[in-house]
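Let me begin by presenting the structure, written as structure tokens, before commenting on it.
These numbers come from the heavy atoms of this one structure, side chains and all, not from hydrogens, waters or symmetry mates. Quick note on labels: first sequence line is chain A, next is B, and so on, each numbered from 1. Because the structure is a prediction, the values reported are computed rather than measured.
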Amino acid sequence: MSAERTFVGKNFPDPAAFEKAVGSYEYITDSFPDNALHGAILFSDRAHARVVSIDASAAEKIPGVRVLTYQEAPTERYNSGEWFPGQDDHPDELILTGHVRHVGDRVALVVARDAQTALRARELVKVTYEDLPAIVDPVAAEDAAHLMHDDGMKSFPGRIAYGDVESAFAKAAHVAAHTISTPKIHHAAMETHALYAAPLPGGGVEVRTPCQIAYGVQYTVARALSLPFAKVRVVKMRTGGAFGGKQEVVFEPLCAWAACVMKKPVFISTTREETMLATRTRAAAVCRVSTALDEDGMILGRKFDVIVDAGAYLTGSKKVMMAMGKKVPRLYRIPALDYSGRTVRTTTTPAGACRGYGSPQSHAITEIHTDLLCKKFALDPVEFRMKNLAEPFDDDPSGASNLGNIQIRKCLEVGAEKFEWKKLAAPSGDGRFKRGAGFAVCTHGNGYYKTIYHDVASMSFRIFEDGSAVLRAGLHDLGHSLTTALAQIAGEVTGINPDRITVLEADTLAAHYDIGCQASRGIHVQGECARLCAQEAAALLCREAEKLWNVSARLEKGMLRVGAEVIEIGEAVRQIEMKNRVSIDVLVEHRPETNPASCGVHFADVTVDTLTGFVRINKYLAVHDVGTAINPEAVTGQIYGGVQMGIGMGLCEELAFDAKGKPSARNFDKYHMVNAPDMPEVEVILLDSEEDGGPFGAKSIGEIATVPPAPAIANAVNRALGTELTTLPLTPARILEALDALEQKSL
Amino acid sequence: MNAALFTPKTLSELFAHIAGCAGEIHFVAGATDWIPRHAKGLSPDSAVIDLSSLEILRGIKKYPGHIAIGSMETMTALSENELLRAEAACLAEAAQKLGSWQIRNRATVGGNIANASPAADTPVALAALGAAVILQSADGRRELPVSQMAAAPGKSILRRGELITEIHVPIDEKRISAFGKIGSRTEVSIARLNMAACVTFGESKKAAASIFVGALGANPLRAEAAEKILNDGGAADAFCDALSAFAADAIPGRASLPYKRRAIRALGEDILKDLQAKAQKRGMSL
């Protein structure tokens with residue numbers, strides 16, 4: 001166990017929690033400048049069509065209304081998932097388009113003095129379309145790619161491979177293969193997409209947006225509008241949830257362009273339907289996965305043939321496809337791997353980042369497959385995993401970072417014991433209600449170290465004259481208490497109470513550089529940067545105090561011990577500023593040298609109603625290795641939310657499109673998430689472990705929390721019913737279809 | 001021209017007002033469906049009649065032989081009403097299972113009928129109870145069985161300027177009833193299937209069942225074969241088989257049929273179990 005700590009490891013509620021609960025916390029929609037024009041985006045109601053004509057004359061007769069159409073918009077194509085120059089993500093998206101590729105594609109922006117007028121004017125814009133064939137099946141999308149895009153790209157392939165896979169399969173005692181599908185999912189952040197842009201005096205534009213990568217927005221806006229980076233100020237605004245849905249740029253280039261054209265601030269807000277159909281989704285995947293085992297049940301090799309559905313534009317979906325593969329060598333010891341995939345485009349809402357960035361898809365594929373292969377070869381699913389799971393400090397055979405102190409075996413051991421797996425493993429129930437249990441193991445990263453992306457965080461820390469402090473950083477708190485955790489870390493180092501530390505967020509012209517809220521890097525990378533930065537500031541304070549008073553100085557319980565005396569930090573800072581003419585302000589840039597594996601296992605016990613296909617979760621356990629939990633209540637909160645999202649992926653959430661590309665759901669009336677009455681009690685166990693390279697031994701939780709629920713539940717349902725369901729979500733209709741098939745077979 | 005709002009206190013005030021209205025007439029009760037439907041605005045010259053101040057549309061009162069329910073009574077009021085819970089349990093249960101707490105606090109029984117949604121919950125229960133709907137317009141009063149209130153999905157038989165004032169539920173102290181629903185989740189869900197059953201015990205101990213199923217057509221449909229099996233004291237399996245066959249007849253070839261044909265058995269089982277428990281409490285058996 002670690003040394004006694006004052007602030008780290010203690011519960012600090014989100015300072016805005018009360019305001020958020022009562023609805024008084026102001027987001028950008030509640031608090032943008034009065035002089036802004038209102039923009040209403042004219043979205044395509046066609047899945048795939050060419051605009052033959054657009055007539056805005058009636059709309060523009062309304063005083064103050066201006067209709068900006070695709071005909072005058074910049075023609076520079078961009079990729080919304082590219083967050084740094086030269087990442088080489090294929091650019092195929094425009095600010096506005098006359099060739100619409102999904103219901104919700106952007107044709108025009110109607111600008112007016114107020115929202116009502118903008119909406120009324122939008123109704124008056126007449127668009128004539130010539131329909132083109134909808135392309136909705138990702139498996140067949142390559143052959144129709146030329147109808148959608150004229151860039152000659154059928155698909156975007158990628159591969160991760162090592163070892164001799166062919167000989168692994170050739171000498172295998174057992175081989176099992178399954179095809180597993182995961183759905184397109186809406187992020188469902190409470191705050192729908194909204195943003196504001198204003199021209200800057202002297203040229204350039206300021207964009208205020210609740211985003212996840214302000215510096216990525218800066219890059220894309222600069223690129224799309226041909227502006228110098230220095231003339232694009234992106235300010236990250238308060239965010240009512242993101243889950244990856246605000247990671248890619250969506251409306252920022254459009255809003256910024258409109259502000260430049262109108263020479264006035266422009267505010268754009270979207271409805272739930274618009275956010276659902278016109279922003280981003282979790283990428284759907286379909287994968288043929290096969291595993292070769294030796295006679296002792298050890299994995300010899302694994303093969304993947306995966307198709308990822310990017311939707312209408314490539315976005316970050318190729319990155320997602322690659323990220324899916326990168327998880328594979330980091331959980332089980334797999335001597336030989338061939339992960340081959342391709343990302344295709346369909347006339348559906350674009351995909352992109354979504355909590356886990358491919359990890360929930362990848363683990364759904366491997367963990368459902370693993371359970372089914374255990375069933376096929378009569379292997380105990382816990383023993384099989386205990387044999388094959390990674391050990392602490394294993395190297396990643398694909399060449400990525402060392403796994404660090406990965407405690408996945410410990411997680412499984414503790415979880416199986418606590419969940420009483422041995423007792424619950426056998427299915428029960430012989431009438432209408434069948435009971436079964438399942439589990440899934442998982443891993444996720446902690447930043448970008450040793451990937452093709454650079455990882456760097458930059459922060460400065462200044463102690464004020466009253467002993468309070470500011471941590472200036474390019475952060476993006478999305479509601480997940482990141483700023484609170486960093487205040488705790490800086491407080492732990494300096495002894496300053498976290499309540500007296502302000503943590504600032506991203507502003508591309510005023511804050512320090514950071515690559516954004518992505519890749520689960522918040523705690524391990526940014527948290528470590530905060531720790532180093534606070535440590536440097538504390539060292540500077542002590543050095544300057546020693547210089548001033550000629551005795552040794554050190555921080556002790558939030559006070560400065562100077563020789564035999566103990567003085568308040570603020571007093572020391574005042575003296576140092578006046579007499580040494582030095583401010584206690586340091587800038588630290590952190591370049592992580594670790595990217596360990598966070599890990600966990602989730603167990604679910606379910607009852608399936610074999611007449612209705614309803615799945616009731618009776619009992620749920622989540623065991624995680626997060627290293628040190630900086631703010632345990634925030635960690636468990638992340639897990640509760642992650643489980644809720646994951647159950648949705650497992651049982652009910654799916655953005656489906658019919659053969660004509662029309663979405664099956666446009667709002668929460670048809671798109672159902674798991675609500676409180678169906679949500680199980682979630683028991684959480686956090687292992688007592690520490691991880692080098694993270695602040696006080698901490699690592700990530702936000703994304704991994706939503707990785708294992710869907711496969712854990714699918715495995716439980718399959719065990720309860722004796723089915724081999726592999727298409728998520730397991731809706732009542734899919735469950736009954738499988739039961740009907742099973743009953744037909746046994747007749 | 002904008003839509004005009006009017007809040008009458010009496011029916012005569014209401015009818016006098018709408019006599020002068022040329023455009024659409026919107027009677028607004030709980031507005032839980034009306035607001036989302038018209039969020040984008042109303043056509044010009046629409047008259048919006050707020051029914052909330054019409055005291056005559058309120059109250060749940062017992063009369064000899066029937067209970068009269070004001071059309072503006074909310075789902076919460078119905079589900080918590082002791083009289084209904086005792087004498088028309090399936091209606092209180094249907095009201096209890098509709099939407100969310102917030103919706104139930106506003107949504108009215110008159111609105112639930114007038115809305116004419118095939119998936120509506122209270123009309124199914126009311127149909128099983130043999131309820132009559134009282135309609136009034138400037139031209140007078142008429143009465144219809146609740147199972148004839150929808151002309152088509154989403155379209156009621158109400159004439160322009162006609163509104164539902166009351167629902168009359170016949171009562172019989174020898175009757176028990178039960179409601180069941182399958183939606184997309186346990187709560188806050190629209191029915192994919194719902195069903196209500198009433199059983200009235202006769203002198204000779206022989207029961208008379210009334211069973212209606214919703215979400216298979218514009219109006220609740222009567223499941224006569226299932227009723228007969230219940231009347232004859234048939235087995236649960238036969239009862240569920242009859243319901244399954246009934247669903248297959250109601251929506252032949254529909255994509256949702258494979259699901260509904262199986263799921264309706266669950267409703268049958270649940271409702272039988274519920275009825276048996278209720279019968280037992282009264283010293284009877286099915």
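Looking only at distances, a side-chain donor or acceptor of B/R185 sits under 3.5 Å from a matching main-chain atom of A/M673. Side chain of B/Y259 to main chain of A/T612: a donor-acceptor pair is present (N/O by atom type, distance under 3.5 Å, no hydrogens or angles). Of the possible donor and acceptor atoms, none in the side chain of A/D678 sits under 3.5 Å from a partner among the backbone N and O of B/E187.
Interface remark: A/R120 contributes no atoms to any contact with chain B (heavy atom separation under 4.5 Å). Both the backbone and the side chain of A/T610 come within less than 4.5 Å of a heavy atom in chain B. A/M679 does not touch chain B: none of its heavy atoms, backbone or side chain, sits under 4.5 Å away. For A/L651, no part lies under 4.5 angstrom from a heavy atom of chain B. Neither the backbone nor the side chain of A/N667 comes within less than 4.5 Å of any heavy atom of chain B.
Contact check on B/R262 versus A/D609 returns no salt bridge, with no Lys/Arg side-chain nitrogen under 4.0 Å from an Asp/Glu carboxylate oxygen.
Side chains of B/T186 and A/R616: a donor on one and an acceptor on the other come within 3.5 Å.
For the set A/E743, A/E123, A/E737, the count of heavy-atom pairs under 4.5 angstrom toward chain B peaks at A/E743. Comparing B/S256, B/S184, B/S189 by how many heavy-atom pairs each has under 4.5 Å with chain A, the most go to B/S184.
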Take B/R261 and A/D740 through the salt bridge (charged side-chain N to carboxylate O under 4.0 Å, His left out) test and state the conclusion after the steps.
CA-CA 11 Å; B/R261 196 165 51 193; A/D740 279 337; over 6 Å; no

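Taking CG of A/D669 as the reference point, atom CD1 of B/I190 lies at 6.5 Å (rounded to 0.5 Å).
Around atom CZ of A/R435, more than 12 heavy atoms belonging to other residues, nucleotides or ligands sit under 6.0 Å away.
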